[in-house]
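Single-structure report; data block below.
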Amino acid sequence: MKVIYLNQNSQAHQQIATERPLVLALGFFDGVHKGHQKVIGTARRIAHEHGYDLAVMTFNRHASRVFNHGKTASFRYLTTLKQKIELVKANQADILYVIDFTKQFAALSPKTFVTRYVLGLNAKIVVAGFDYTFGKGGTTTIDSLGKISGDKVKTVTVHELSSEQQKISSTRIRHLIGAGDIDEADRLLGHPYETTGKLIHAQTNGLSIVNPSSRLQQLPESGRYHCEVRVADKIATIPVNVVRTNNDQRGGIIYINRKRFQKLPHINSLPVSIKWLK
C-alpha cells in the first residue's frame, strides 16, 4: 500500500492525480472498527468490479484536537496514525491519503474539497458512511457530493452497522475502553485494542512503567487487565495495571512486571506493544 501525505502546499505544487481511476473511501477511521471495515470493504468490492484502484482518505488529527487542544481537551484516539496505517493496509487498500487537517483545511468550501481532493485524485466513485460530512461547517453530506462534482463522481452511502441496536462507532468503543469493558470494545473493533510505548527500567513496587507512544490514546479505567505484551522481540500474556486519576492529563500510567520476560536487555526505552484482551 502506498501512503501519500497531502496538505494545501503539496496540492498546489505537485500533480497528485493517479493514472488509474480510483474508488475513494472517505472517513476518519479512528480504530478502523467493524463499521469502518464495512465502508472500506464496500469500496474494495466496487473497485474490483470496475478494475479501479482502492484508495482510502483519512486525516492526521481529529477536528477536536484542532479546535480544542488545551488542557481541558478530553478527546482520546483509538489508534495512532501509525496503527491506523497498518490497519488500513490490512484491509487491502492500494493507496492511503493522509490529509493534514488544519483550520485552513476545515475552512474549505465543499466545492473546493471536491475539486481538489476528489476530482483532483481521479476518483470516479466515492464511498462513505451515512454520517460522513465535509467542507466548511461540516454539514455537507455524501449525498450532495455527486451533484457538487457536476455528476462526474458517483457516490455510495454505507448505512450504519449496529450491535445490540446501537451504532458501532469510535465514540462508543472509546467509552467502552474508558470504562474497562475490553471484551466488548474488542468485539466491536474486530481486532484487539492495542497501545504502544517504551518500557522504563526503573521500578515501583516491583513494576516498571510503560511510557505510552501517545498521551492522546485512550486508556482503560484504573484496574488490572489481561493482555498480550510484546517487549522487544519477546511476547508474554500477563497482567497489566492501569492507574488513572481525575486530574491526570496524561491519561494514566501503565505498569507491567518486567520479570515476566526472560533475558531482557537492562536498558531504558525498550519498545512495548500491548494488546488488551480483557
Side-chain angles (χ1 to χ4, degrees), residues 1-30 32 35-64 66-67 84-85 88 91-161 167 169-170:
M1 182 182 76
K2 187 175 183 180
V3 181
I4 300 174
Y5 297 87
L6 296 176
N7 56 38
Q8 293 191 58
N9 290 330
S10 63
Q11 266 282 334
H13 294 103
Q14 67 183 35
Q15 176 64 34
I16 62 171
T18 60
E19 292 185 6
R20 286 168 58 87
L22 300 178
V23 176
L24 181 63
L26 298 177
F28 186 62
F29 299 117
D30 188 27
V32 195
H36 298 146
Q37 292 165 36
K38 183 180 178 183
V39 171
I40 298 172
T42 300
R44 183 172 62 246
R45 173 180 56 79
I46 295 170
H48 287 169
E49 289 173 354
H50 288 78
Y52 295 169
D53 282 343
L54 168 60
V56 174
M57 180 181 290
T58 189
F59 306 97
N60 62 351
R61 61 181 68 87
H62 193 268
S64 66
V66 174
F67 294 101
K84 189 192 295 187
I85 290 170
V88 171
N91 279 267
Q92 303 172 44
D94 298 302
I95 302 170
L96 175 63
Y97 293 106
V98 180
I99 307 296
D100 183 22
F101 192 93
T102 62
K103 290 182 179 179
Q104 291 74 24
F105 178 85
L108 292 178
S109 69
K111 176 69 174 177
T112 301
F113 173 81
V114 171
T115 299
R116 292 184 184 177
Y117 295 96
V118 179
L119 294 173
L121 299 177
N122 199 20
K124 302 300 183 183
I125 303 172
V126 169
V127 180
F130 72 100
D131 55 352
Y132 182 82
T133 59
F134 62 93
K136 185 176 181 180
T139 58
T140 305
T141 66
I142 186 69
D143 293 333
S144 303
L145 194 149
K147 184 177 180 180
I148 293 171
S149 74
D151 296 322
K152 295 178 181 178
V153 177
K154 295 181 180 179
T155 61
V156 176
T157 301
V158 178
H159 295 287
E160 71 178 52
L161 187 64
K167 173 188 170 185
S169 68
S170 299

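Hydrogens, waters and symmetry mates play no part in the numbers below; they use all other heavy atoms, side chains included. All residue numbers refer to positions in the sequence shown, counting from 1.
Going from atom CG of Asn91 over to atom CD1 of Ile40 covers 4.5 Å, rounded to the nearest 0.5 Å. Atom-to-atom distance recorded for Arg116:CZ and Leu121:CG is 12.0 Å, nearest 0.5 angstrom. Rounded to the nearest 0.5 Å, atoms CG (Leu161) and NE2 (His36) are 10.5 Å apart. Rounded to the nearest 0.5 Å, atoms CG (Leu96) and OG1 (Thr58) are 6.5 Å apart.
Listed by first and then second residue, the ring-ring contact (aromatic ring centres under 6.0 Å, His included) pairs that reach into residues 41-61 are His50-Tyr52, Phe59-Phe101, Phe59-Phe105, sequence neighbours excluded. For residues 47-61, the pairs satisfying salt bridge (Lys or Arg N to Asp or Glu O under 4.0 Å) are Arg20-Asp53, Arg45-Glu49, Arg61-Asp100, with sequence neighbours left out.
Across every non-hydrogen atom of Ala43 and Val23, the tightest pair is O-CG1, 3.6 Å. The two residues Ser149 and Leu119 come nearest to each other via the heavy atoms O-CD1, 4.2 Å. In terms of heavy atoms, Ala123 sits closest to Leu24 at CB-CB, 4.0 Å. Residue Lys136 comes nearest to Pro110 through the heavy atom pair N-CD, 4.2 Å, listed as atom of the first residue, atom of the second, then distance.
Annotation: side chain of Met1 is in contact with side chain of Ile85 (closest heavy-atom distance under 4.5 Å). By the 4.5 Å heavy-atom criterion applied to side chains, Asp30 and His62 are not counted as neighbours. A 4.5 Å side-chain heavy-atom check between Thr42 and Val156 finds at least one atom pair inside the cut-off. With a 4.5 Å cut-off on side-chain heavy atoms, Thr140 and Phe113 do not count as touching. Two residues are said to be in side-chain contact when any heavy atoms from C-beta on lie closer than 4.5 Å; Val153 and Val114 fail this criterion.
Shown here are the side-chain contact (heavy atoms from CB on, under 4.5 Å) partners of Ala128, two or more places apart in sequence or in another chain: Leu26, Tyr132, Ile142. For Lys111, the side-chain contact (heavy atoms from CB on, under 4.5 Å) criterion is met by Ser109, Thr115, Ile148, not counting sequence neighbours. Under the salt bridge (charged side-chain N to carboxylate O under 4.0 Å, His left out) criterion, Asp131 pairs with Lys167, sequence neighbours left out. Remark: Ile95 engages Ile4, Thr18, Leu22, Ala55, Tyr97 in a side-chain contact (heavy atoms from CB on, under 4.5 Å) (not counting sequence neighbours).
A donor-acceptor pair under 3.5 Å is absent between the side-chain atoms of Arg44 and the main chain of Leu54, judged by distance alone. A donor-acceptor pair under 3.5 Å is formed between the side chain of Lys84 and the backbone N or O of Phe28.
Atom NZ of Lys38 sits in a crowded spot, with more than 12 heavy atoms from other residues, nucleotides or ligands closer than 6.0 Å.
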